[in-house]
Amino acid sequence: MNWRYGVLLVSALCLATGLAAGSAHAQARVGEAAIIQNQVVRVAGSATSQINVGDGVLRDEIVRTGLESAARLVMADNTNLSLGPNATITLDRIVFNDEHTYRDIAVKLTAGAFRFVTGNSEKAAYQITTPIATIGVRGTILDILSQRGKTTVVLQEGASRVCATGGQCIELTKPGDTAVITAAGGKVTIKKVNIPPWNFAANCAAVAGLCTVTNFADATPTVTPPVDDGSDPTGMLCGR
């Protein structure tokens, strides 16, 4: 009886360990927090938890900054995404191509000011949306301001195609080219201007390192592996 009990106990421990590993894989990090100023939280339903430098960000996660707060996230493909105060972003859909590039990355910028610097993935993999616009990138640095009923997209480098939701598209090809999308009376319109009415520069100046571009490896903290002191024998018993 004791022998049977021991086998059942080890089996239960192996199952629990496997489930934990599977859960960790499902919640794999897709990026890291490189810069955090003041209140920057992850949102899960009605609950929030503070994000600190070095913390991972996860697929389908909502990140929100508070008043006088800011953040810079570095994704696994070296995309750098900077958030100004009172900003909300959802890492909506991320499919890895390999360890350092994405096949598909969709980011929702719900509200606030952002700077988006593309990484190593193919440019067709990126899709940025606001409530009233869809933004495509081609080797791009973009400043984006998402407000109620209005989105402003300023090209700093590269090129971008910006489309009003369900409507017209325009091409941004030169630094300073700006798309202004507005929603009023049930209609969404877009226009192109050559003198930006806004950019992200003031946010860059306010927080050291907010607009610095770094690689994912630079943002990832070094973790010392645990020492096997013999207190957890289930690894061998479970065939690991």
Side-chain angles (χ1 to χ4, degrees), residues 15-77 79-96 102 104-117 126-135 142-153 165-166 181-184 186 188 198 200 202-203 206-207 209-211 216 219-221 223:
L15 178 60
T17 303
L19 289 173
S23 176
H25 179 73
Q27 293 296 310
R29 296 183 176 197
V30 297
E32 303 277 352
I35 297 290
I36 296 292
Q37 183 187 54
N38 298 333
Q39 185 184 31
V40 181
V41 299
R42 64 181 88 248
V43 181
S46 60
T48 61
S49 59
Q50 176 68 27
I51 298 175
N52 299 306
V53 171
D55 285 353
V57 291
L58 310 177
R59 183 184 291 109
D60 300 323
E61 187 158 68
I62 298 172
V63 176
R64 187 172 67 207
T65 60
L67 184 67
E68 298 181 354
S69 302
R72 179 164 60 85
L73 309 178
V74 182
M75 310 305 289
D77 74 335
T79 293
N80 279 242
L81 182 56
S82 303
L83 291 73
N86 297 321
T88 302
I89 180 175
T90 303
L91 304 174
D92 188 46
R93 185 178 68 253
I94 296 177
V95 179
F96 279 94
Y102 300 122
D104 190 10
I105 174 169
V107 178
K108 288 182 180 178
L109 310 180
T110 306
F114 308 87
R115 173 163 288 184
F116 188 93
V117 183
Y126 297 93
Q127 184 182 56
I128 308 169
T129 60
T130 74
I132 58 173
T134 299
I135 304 159
L142 292 171
D143 292 350
I144 303 168
L145 180 62
S146 179
Q147 302 168 291
R148 183 184 295 274
K150 184 177 182 180
T151 294
T152 304
V153 182
T165 300
I181 306 96
T182 55
V188 180
W198 165 90
F200 197 76
N203 295 286
V207 180
L210 182 63
C211 296
F216 180 66
T220 306
V223 178

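Sequential numbering from 1 along the given sequence is applied to the chain's residues.
- Listed by chain and residue number, Leu67 satisfy the side chain to side chain contact (heavy atoms under 4.5 Å, CB included) test with Asn86 (two or more places apart in sequence, or in another chain).
- Under the side chain to side chain contact (heavy atoms under 4.5 Å, CB included) criterion, Val43 pairs with Val41, Thr48, Ile62, Arg64, sequence neighbours left out.
- More than 12 heavy atoms of other residues, nucleotides or ligands lie within 6.0 Å of CD in Gln50, so this atom counts as buried by the packing criterion.
- Using modelled atom types, one side-chain atom of Asp143 and one backbone atom of Phe200 make a donor-acceptor pair closer than 3.5 Å.
- For Thr88 (side chain) and Ala111 (main-chain N/O), no donor-acceptor pair under 3.5 Å exists by modelled atom type.
- With Val30 as reference, Leu91 is the one residue of Ile105, Leu91, Thr79, Leu58 to meet the side-chain contact (heavy atoms from CB on, under 4.5 Å) rule.
- Judged as a side chain to side chain contact (heavy atoms under 4.5 Å, CB included), and not counting sequence neighbours, Asp60 has no contacts.
- Annotation: side chain to side chain contact (heavy atoms under 4.5 Å, CB included) contacts of Thr165 (sequence neighbours excluded): Ile132.
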Donor-acceptor pairs under 3.5 Å, side chain of residues 146-153 to any protein atom, not counting sequence neighbours: which ones?
unit_1	atom_1	unit_2	atom_2	d
Ser146	OG	Leu109	O	3.3
Ser146	OG	Thr110	O	3.1
Thr151	OG1	Thr130	OG1	2.9

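- Judged purely by atom type and a 3.5 angstrom limit, Thr65 uses its side chain to pair as donor or acceptor with the backbone of Gly84.
- Scored by the salt bridge (Lys or Arg N to Asp or Glu O under 4.0 Å) test, Arg72 finds no partners at all (sequence neighbours excluded).
- By the 30° and 60° cut-offs, the orientation of the rings of Tyr102 relative to Phe96 is tilted.
- Counting heavy atoms from C-beta outward, Thr182 and Val188 have side chains that stay 4.5 Å or more apart.
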